[in-house]
*Asks:* 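Got a structure here, written out as structure tokens. Questions coming.
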2 protein chains.
Amino acid sequence: MSGLLCACQFDSILNQVSEHTKSAKNPKMKKDQSKISIKDVARELGLSITTISFIINNKAKNRISDEVIKKVEDYIEKVGYKPNASAQSLRTGKSNTIVFMAEDISDPFFSTIAKEMEDLAFNNGYKIIYCSTENKKERALELLSTFKDRQIDAFIITPPEDFEDEINALIAENRKIVLFDRHYNDPNHNYVVLDNYNSCGKAVKSLLEEGFENIAFVGLESNLSPMKERLEGYMDAVKNNQKHPISLLIKFDEVKSAKGKQVFENLLKEHPNIDAILFSTNSLAITGLRVLREVGKRLPEDIGVITFDDRELFELHSPPISVVSQPVSELAEELIKGTLNLLKSRSKSPKLFQVSLPGKLILRKSSMLESGAASGKTK
Amino acid sequence: MSGLLCACQFDSILNQVSEHTKSAKNPKMKKDQSKISIKDVARELGLSITTISFIINNKAKNRISDEVIKKVEDYIEKVGYKPNASAQSLRTGKSNTIVFMAEDISDPFFSTIAKEMEDLAFNNGYKIIYCSTENKKERALELLSTFKDRQIDAFIITPPEDFEDEINALIAENRKIVLFDRHYNDPNHNYVVLDNYNSCGKAVKSLLEEGFENIAFVGLESNLSPMKERLEGYMDAVKNNQKHPISLLIKFDEVKSAKGKQVFENLLKEHPNIDAILFSTNSLAITGLRVLREVGKRLPEDIGVITFDDRELFELHSPPISVVSQPVSELAEELIKGTLNLLKSRSKSPKLFQVSLPGKLILRKSSMLESGAASGKTK
DNA sequence: TTGCTTAAGTAAAACGTTTTACTAAAAAGG
DNA sequence: CCTTTTTAGTAAAACGTTTTACTTAAGCAA
């Protein structure tokens, strides 16, 4: 049937061939085989490629008659023509691609964010390329250098330590940059982060209300903003309640090693009066929970526990562990919304956006001395 | 056939070269301001772009003098020139991009695989774009239709159910396709999967050796190959040992719901003699463990447990849960190695590869009745 | 000398778009 | 009836590469 439609003025030539090809069911077979281009569409409809281009880019209003628009759209729909993305990208300098440089894309927090972003971006015609910096500056630079020349429209970056200059350089080059998870308190940056300071305050307050007295903080030795803010949040909250802060900072590389377990064990020994611990990250908590189990501490009777970032693991733990949960969907939404706005704006200096979302304290048995009926309640 | 007509009546008369138009150059200004192209390099060195192109593509041997090659390479290094990826892609039809369609990129199994692949691919000059099908056919089709027109070099696909025709269609279109995690036993497909059948056999054997007698299987109601193979592997292993199989298949959507918990609870009630359970997936095990805890079953005394896919959660569980672990690094390596080979081969029909890797049984307390010294041993 | 080979390079077409600047015909204005 | 405006389109340049087919000069054998 489609053979009839391509008739127009080329009849004579087509006819010569069709004698031989008829047996192979569909005379248009050729088309399907090799990619169909805007030129093919134009030729087939007896129009110029300019017209086709205007139509597929919604620039046809007041230029092309509704009748022709309809005809072209129908044909495009029928043959499934889609513009060649590389050609578009070459011509326009845009690629409809966003790069998300996560710390580690296999980390559940980042991969969940990634998935939600992917979905939102996809619905807006954007693709996302992910990569992992491992929190290493050289790695991040390497990635950046690869992607800088690939017509990437925007970068969502979880910067490693000591990366402020590079971020500023990118911004100076007029790139669209959005920071995620960590930031530099720079009014010229776009970012979406958790309100770490107040989240920590809430956690401490909750522990105190439950009757815990000597709350220790176990954090990461790091200059990254969340690590610093969580520590500060803890410090201020404890001091404001006339308690004495006790903090242990562990090096990133040691968290999962024997060394990490040991320094944590030492903390417990040196401060036998500790009756609650606030873990600043997920992996710190996991290491901590291992040690607590090994040394026979009962939760929450001997030691109350709250940690950052919810994971299935904590809910299934015995006893279930209280957490400060990050609002993953909202974070992803803010990130994509902000990034897309940046991309939409035609101005050279789009308005900045700086978002800080509150954490959600999810109380479970590990931090509830009275273990009342309100298990799992949310605050 | 239609190509005949566009023949070239407008061979041009544009031989007047405008040498001087561009030559009012300020060599300093230029560099920093706008992206530097192959043309700039050529002009600056007084060479043709052809020469530059040959050199950056390692096609200069026997064509260009070593002296010139050196000069060009040095200059490129100095100014940091990198070819425009879109232009390359447009010209060559290649994009150095691989799409990985996972079931769910936020699932730890897939995100870990993704990360390892990303790394390997990156080192070979390839980027990876991830996406999630959610095991939904329409979603997969939608994704496919977006990516088909973007010069994607290869697809690594975790197909949803009932997707065999689509895979065959892609292959017929001459696309590079590699299946992952699940396959169709089709000798014309490339795939990398776990040896689910024998992995299940190993798990059953281990439970029997530990003294468990009535081993139940809890699986997913699904046509996907891993689900079917695991069930078969269990069935055959149990029967071969003169035991009676008991299996429960739960719908994907119900696993995490109240319904899922209930049917599992019913299983326990209807078969009070069950003394061990083999869970076919991660999330089934999590639901199962919740129920087992609620109904007061002790592990492993009352019920022994082994589940598929290792996760931190299972190691930290009390008691730690035995698992069949997938060799993530090896899977990722096979995937990328195979895909890259496909891409390297110039032939129209590269040789196929079909890889099935053994699972690793990691025994922990949940399946060890004697709870001997050999905790955590690997088989 | 002539003719052939090799070495070292270049011109120009092509990939598939978008966009600027044009045109031809019809409608409107006077 | 002429001029202007509007409508509905089109031609061709440009984006930055790769690659095919050429050129030009030198070397060399006879």
Side-chain angles (χ1 to χ4, degrees), chain A residues 34-72 76 79 81-96 149-151 346, chain B residues 3 6-19 21-22 34-72 76 79 81-96 148-151 346:
Chain A
S34 65
K35 209 101 257 323
I36 162 172
S37 82
I38 197 172
K39 231 182 265 173
D40 301 318
V41 175
R43 185 167 5 83
E44 212 66 29
L45 295 176
L47 292 166
S48 77
I49 61 170
T50 308
T51 303
I52 313 298
S53 177
F54 281 148
I55 293 174
I56 61 187
N57 288 293
N58 287 319
K59 296 194 173 150
K61 274 287 152 270
N62 304 334
R63 296 177 135 290
I64 311 295
S65 69
D66 292 354
E67 187 188 11
V68 169
I69 294 181
K70 177 84 168 65
K71 182 170 77 176
V72 171
I76 284 177
V79 301
Y81 162 71
K82 293 245 197 131
N84 177 302
S86 304
Q88 286 183 311
S89 173
L90 173 59
R91 174 63 228 227
T92 63
K94 306 286 165 192
S95 64
N96 277 24
D149 308 270
R150 290 188 177 257
Q151 284 67 51
R346 305 285 298 141
Chain B
C6 73
C8 24
Q9 37 266 55
F10 29 82
D11 265 357
S12 54
I13 330 153
L14 31 89
N15 287 330
Q16 333 131 293
V17 188
S18 47
E19 267 309 315
T21 44
K22 286 180 183 171
S34 63
K35 206 102 261 316
I36 163 170
S37 82
I38 199 173
K39 232 181 262 173
D40 301 317
V41 175
R43 185 167 5 83
E44 211 67 26
L45 295 176
L47 292 163
S48 76
I49 62 170
T50 307
T51 304
I52 312 298
S53 178
F54 281 149
I55 293 174
I56 60 186
N57 288 295
N58 287 319
K59 296 192 173 153
K61 274 287 153 269
N62 303 335
R63 296 177 135 291
I64 312 294
S65 70
D66 292 356
E67 188 187 10
V68 169
I69 294 182
K70 179 83 167 66
K71 184 170 76 173
V72 171
I76 283 176
V79 300
Y81 162 71
K82 294 244 196 132
N84 177 302
S86 304
Q88 287 182 312
S89 173
L90 173 59
R91 175 61 228 231
T92 62
K94 306 285 166 194
S95 64
N96 276 26
K148 269 168 79 169
D149 309 87
R150 291 189 178 256
Q151 284 69 52
R346 304 285 296 142

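Residue numbering restarts at 1 for every chain, and letters A, B, ... go by the order of the sequence lines.
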*Asks:* Any donor-acceptor pair under 3.5 Å between the side chain of A:T50 and the base of D:dA12?
*Replies:* yes
*Asks:* Is A:S37 close enough to C:dG16 that one of its side-chain N or O atoms is under 4.0 Å from OP1 or OP2 there?
*Replies:* no
*Asks:* In whole Å, what is the span from the CG atom of A:N58 to the C1' atom of C:dT18?
*Replies:* 14 Å
*Asks:* Taking for each residue the nucleotide of DNA chain C bearing the nearest heavy atom, is the 5' side occupied by A:F54 or by B:I49?
*Replies:* B:I49
*Asks:* Name the closest nucleotide to the B:L90 side chain, picking from D:dT18, D:dG16, D:dT10.
*Replies:* D:dG16
*Asks:* Check B:I64 against B:T51 and note the closest heavy-atom contact, atom names and distance.
*Replies:* CD1-CG2, 3.8 Å
*Asks:* Could you say whether B:N84 or A:N62 is positioned toward the 5' end of DNA chain D, judged by the nucleotide with the nearest heavy atom to each?
*Replies:* A:N62
*Asks:* Look at the side-chain N and O atoms of A:K39 and state whether any lies under 4.0 Å from the OP1 or OP2 oxygen of C:dT17.
*Replies:* no
*Asks:* Given atom CD1 of B:I64 and atom C1' of D:dT23, what is their separation to the nearest angstrom?
*Replies:* 13 Å
*Asks:* Take the C1' atoms of the five end pairs on each side of the helix from C:dT1-D:dA30 to C:dG30-D:dC1, derive the two axes, and give their angle rounded to 10 degrees.
*Replies:* 60°
*Asks:* Measure the distance from NZ on B:K35 to C1' on D:dA14 and round it to the nearest whole Å.
*Replies:* 18 Å
*Asks:* Return the nearest nucleotide to the side chain of A:Y81; candidates are C:dA12, D:dC15, C:dT17.
*Replies:* C:dT17
*Asks:* State the OH-CD1 distance between B:Y81 and B:I56, to the nearest 0.5 angstrom.
*Replies:* 4.0 Å
*Asks:* If every non-hydrogen atom of B:S95 is compared with every non-hydrogen atom of A:R150, which pair is closest and at what distance?
*Replies:* O-NH1, 4.0 Å
*Asks:* Classify the side-chain pair B:Q151/B:S89 by whether it contains a donor and acceptor separated by less than 3.5 Å.
*Replies:* no
*Asks:* Calculate the interatomic distance between A:R63 atom CZ and C:dC22 atom C1'; express it in whole Å.
*Replies:* 11 Å
*Asks:* So, OP1 or OP2 of D:dT19: does either fall under 4.0 Å of a side-chain N or O from B:K59?
*Replies:* yes
*Asks:* Atom CD1 of B:I55 and atom C1' of C:dG9: how far apart are they, to the nearest Å?
*Replies:* 10 Å
*Asks:* Quick one: A:L47 CG to D:dT7 C1', roughly how many Å, whole number?
*Replies:* 15 Å
*Asks:* Hey, does the side chain of B:S53 come within less than 4.0 Å of D:dT17's phosphate (OP1/OP2), counting only N and O?
*Replies:* no
*Asks:* If I compare all heavy atoms of B:L47 with all of B:K71, which pair ends up nearest, and what's the gap?
*Replies:* CD1-CE, 4.5 Å
*Asks:* Does D:dT10 have OP1 or OP2 sitting under 4.0 Å from an N or O in the side chain of A:T51?
*Replies:* yes
*Asks:* May I ask you to check whether A:S53 and A:T50 show a side-chain donor-acceptor distance below 3.5 Å?
*Replies:* no
*Asks:* Checking only heavy atoms, does the side chain of B:S65 share a donor-acceptor pair with the base of C:dA8 at less than 3.5 Å?
*Replies:* no
*Asks:* From the set C:dT10, D:dT18, D:dT10, return the single nucleotide nearest to any side-chain atom of B:T92.
*Replies:* D:dT18
*Asks:* Mind checking whether A:D66 and A:I69 have side chains closer than 4.5 Å, heavy atoms only?
*Replies:* yes
*Asks:* Does the side chain of A:Q88 get closer than 4.0 angstrom to OP1 or OP2 of C:dT18 through an N or O atom?
*Replies:* yes
*Asks:* I want to verify a distance call: between D:dT18, C:dT20, C:dT18, whose nearest atom is closest to the B:N57 side chain?
*Replies:* D:dT18
*Asks:* Find the distance B:E67:CD to C:dA7:C1' and express it as a whole number of Å.
*Replies:* 14 Å
*Asks:* If you round to the nearest 0.5 Å, how far is NZ of A:K82 from CD1 of A:I38?
*Replies:* 15.0 Å
*Asks:* Side chain of A:R91 only, heavy atoms from C-beta on: which candidate in C:dA11, D:dA14, C:dG9 is closest?
*Replies:* D:dA14
*Asks:* Starting at atom CD1 of A:I38, determine the distance to atom P of D:dT10, rounded to an integer number of angstrom.
*Replies:* 12 Å
